[in-house]
Number of protein chains: 2
Amino acid sequence: MQTKQYLRQQLNEHGLRATPQRLIVLQILEQAERHLDAETISQIANIHDPYISLATVYRTLNKLKDVDLVSQLYFARDHKREYYEKVDKAEHYHFTCLTCGKVIEMQTKRINQAKDELAGEHGVAFSHTCMCFEGYCPDCAPKRSDLIHTITSQHTLNHEH
Amino acid sequence: MQTKQYLRQQLNEHGLRATPQRLIVLQILEQAERHLDAETISQIANIHDPYISLATVYRTLNKLKDVDLVSQLYFARDHKREYYEKVDKAEHYHFTCLTCGKVIEMQTKRINQAKDELAGEHGVAFSHTCMCFEGYCPDCAPKRSDLIHTITSQHTLNHEH
DNA sequence: TGCCTAGTTGCAAATCATTCTCAACTAGAA
DNA sequence: TTCTAGTTGAGAATGATTTGCAACTAGGCA
């Protein structure tokens with residue numbers, strides 16, 4: 001549980017005014033156990049203060065993005081809606097199951113390896129990467145026969161082709 | 001240059017009716033030298049037939065996506081607008097320069113390696129991956145001192161920090 | 001400690017890529 | 001040639017996000 005003072009400090013250190021609205025939004029993101037979209041953040045914020053407008057939530061999220069306190073991400077198959085998370089977690093990527101909608105967070109060093117190599121190869125400097133995976137989770141994949149070849153390497157099923 | 005018959009065949013083989021509108025859209029994508037958005041495809045299509053509506057272009061693109069003749073992608077910083085390309089190219093990823101807007105296509109095996117590993121690790125089956133990079137291209141990166149650390153590994157500049 | 005102003009807010013309206021509705025049309029199987 | 005499920009054009013609808021504007025306020029400065 002973060003004290004209000006801690007939240008205020010985070011904002012000030014990044015050159016943002018610590019308004020009550022921003023403190024609430026930041027606290028929601030600190031305490032979030034899953035990825036939230038602006039609408040949901042707005043609803044939670046309204047429990048604390050029913051007068052925080054959705055527009056302010058959006059403006060706050062954009063400010064927090066600008067100063068890298070928060071990162072914005074998309075989930076596969078729903079690229080219209082943005083989700084947000086606090087950026088103090090380890091590097092990770094998101095996999096969404098097309099059947100049940102579950103989101104699995106995955107970690108790997110290969111992506112950054114790839115970026116390092118590509119940066120060298122092309123002489124570019126990366127600043128941000130957007131990546132999301134979609135497919136079928138262990139519970140849902142076996143039900144899809146057309147994908148069996150993809151999961152057999154895992155489960156050593158008998159199959160032809 | 002594809003014959004109309006060839007285009008028609010591609011559509012029929014994928015279970016799609018070969019309407020004049022679809023033939024035009026498919027041909028535009030075949031001949032495209034860069035990534036096009038629906039609006040641009042519609043404008044080009046209207047040169048061939050001024051009565052093709054934007055809605056039909058969208059519907060056609062969605063059909064082509066469904067049957068994997070075309071892939072849809074996003075460029076960094078503009079996740080609002082979708083771009084399309086024919087899917088006969090080798091696996092590649094897109095890097096967009098934040099300064100000049102140039103798009104660089106990059107190839108690497110590491111991403112698929114990562115996916116293979118993650119598929120094994122989590123027992124999932126991947127069906128689609130969305131990925132885009134953003135940063136600064138070789139022409140623009142040197143102008144940004146805050147990114148020098150990222151490019152020194154390439155250019156062995158002297159620098160402190 | 002109060003003042004001042006650049007930065008913020010709430011509200012409602014605007015934006016804008018994409019999708020949908022529906023009546024008229026048509027590709028292609030029979 | 002006929003028939004019908006699939007397709008089209010036009011315009012309206014959708015819906016997440018942004019914006020204009022007038023009222024408010026955080027926080028630096030006197």
Side-chain angles (χ1 to χ4, degrees), chain A residues 4-5 7-26 35-43 45-46 48-67 69-84 130, chain B residues 4-5 7-26 35-43 45-46 48-67 69-84 130:
Chain A
K4 202 161 186 172
Q5 195 50 48
L7 297 170
R8 180 182 301 277
Q9 186 185 337
Q10 280 193 79
L11 291 171
N12 286 332
E13 278 173 359
H14 288 83
L16 297 180
R17 279 199 195 171
T19 67
Q21 292 90 339
R22 287 178 181 172
L23 291 171
I24 289 172
V25 169
L26 190 57
H35 309 92
L36 305 173
D37 60 12
E39 183 69 37
T40 306
I41 293 170
S42 172
Q43 285 167 6
N46 283 333
H48 296 81
D49 172 356
Y51 294 105
I52 296 180
S53 76
L54 183 54
T56 293
V57 170
Y58 273 109
R59 282 187 284 229
T60 298
L61 289 170
N62 282 333
K63 288 284 187 189
L64 294 174
K65 253 197 290 183
D66 288 346
V67 301
L69 271 172
V70 160
S71 70
Q72 165 238 75
L73 51 114
Y74 296 93
F75 292 131
R77 282 293 159 98
D78 196 0
H79 259 12
K80 303 285 173 295
R81 175 181 261 103
E82 299 178 357
Y83 291 81
Y84 302 87
C130 159
Chain B
K4 202 161 186 173
Q5 196 50 49
L7 296 170
R8 181 183 302 277
Q9 186 185 337
Q10 279 193 79
L11 291 171
N12 286 333
E13 277 173 1
H14 288 84
L16 297 181
R17 278 199 196 170
T19 68
Q21 295 88 340
R22 286 178 182 172
L23 291 171
I24 289 173
V25 169
L26 190 56
H35 309 91
L36 304 173
D37 60 12
E39 183 69 37
T40 305
I41 293 170
S42 172
Q43 286 167 7
N46 283 333
H48 296 79
D49 172 356
Y51 294 104
I52 297 180
S53 75
L54 183 55
T56 293
V57 170
Y58 273 108
R59 281 186 286 228
T60 298
L61 290 170
N62 282 334
K63 288 284 186 188
L64 295 175
K65 251 196 293 184
D66 288 346
V67 300
L69 272 173
V70 159
S71 70
Q72 165 238 77
L73 52 113
Y74 295 94
F75 292 132
R77 283 292 161 97
D78 196 0
H79 258 27
K80 305 283 174 293
R81 174 179 263 105
E82 299 178 357
Y83 292 82
Y84 301 86
C130 160

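All chains are named by letter (A, B, ...) in the order of the sequence lines, taking the proteins before the strands, and each is independently numbered beginning at 1. Just the heavy atoms: all of them, side chains too, but no hydrogens, waters or symmetry mates, feed the values below. Everything quoted here is computed from the prediction, not taken from an experiment.
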Straight-line distance of B:Leu16 CG to B:Arg8 CZ, nearest 0.5 Å | 13.0 Å
Bend angle of the helix from C:dT1-D:dA30 to C:dA30-D:dT1, from helix axes over five pairs at each end, nearest 10° = 40°
Rounded to the nearest 0.5 Å, how far apart are CG of A:Leu64 and CZ of A:Arg59?
-> 13.5 Å
CD1 on B:Ile52 to CZ on B:Arg22, rounded to 0.5 Å | 12.0 Å
Between the main-chain N or O of B:Thr56 and the side-chain N or O of B:Thr60, is there a donor-acceptor pair closer than 3.5 Å?
-> yes
Specify the separation, in whole Å, of atom CZ of B:Arg81 and atom C1' of C:dT18.
-> 11 Å
Rounded off to whole Å, could you give me the CZ-to-P distance for the A:Phe75 and D:dA16 pair?
-> 16 Å
Minimal heavy-atom distance between B:His48 and B:Ile24, with the atoms involved, is CB-CD1, 3.8 Å
Can you check whether A:Asn62 has a side-chain N or O nearer than 4.0 Å to OP1 or OP2 of D:dT17?
-> no
NA contact type, A:Asp37, heavy-atom cut-off 4.0 Å: base, sugar-phosphate, or nothing?
-> nothing
Atom CZ in B:Arg81, atom OG1 in B:Thr40: separation rounded to 0.5 Å?
-> 7.5 Å
Distance, nearest 0.5 Å, that separates CG of B:Leu69 from NZ of B:Lys63 | 12.5 Å
Which nucleotides of nucleotides 4-9 of chain D have their base under 4.0 Å from a protein heavy atom (B), which only their sugar-phosphate (S), and which neither (-), written as one string 5' to 3'?
-> -BBSBB
d(CD1, B:Ile41; C1', C:dT18) in whole Å | 13 Å
Atom CG of A:Leu11 and atom P of C:dT9 are separated, to the nearest Å, by 10 Å
Rounded interatomic separation in angstrom, taking CG from A:Leu61 and P from C:dT8 = 14 Å
Nucleotide C:dG28, atom P - distance to CD of B:Gln9 in whole Å | 13 Å
Ranking B:Tyr74 and B:Ala18 by the position along DNA chain C of their nearest nucleotide, the one closer to 5' is B:Tyr74
Flag side-chain contact, heavy atom, 4.5 Å: B:Leu61 against B:Gln72 = no
Within less than 4.0 Å of OP1 or OP2 of C:dT19, is there a side-chain N or O belonging to B:Tyr58?
-> no
Base, sugar-phosphate alone, or nothing: which one does A:Glu39 contact when heavy atoms must sit under 4.0 Å apart?
-> nothing
Identified ring-ring contact (aromatic ring centres under 6.0 Å, His included) counterpart of A:His35 within the set A:Tyr84, A:Tyr83, A:Phe75 = A:Phe75
Using atom NE2 of A:His48 as one end and atom C1' of C:dT9 as the other, report the distance to the nearest whole Å.
-> 19 Å
Here the distance between atom C1' of C:dA27 and atom CG of B:Asn12, to the nearest Å, is 9 Å
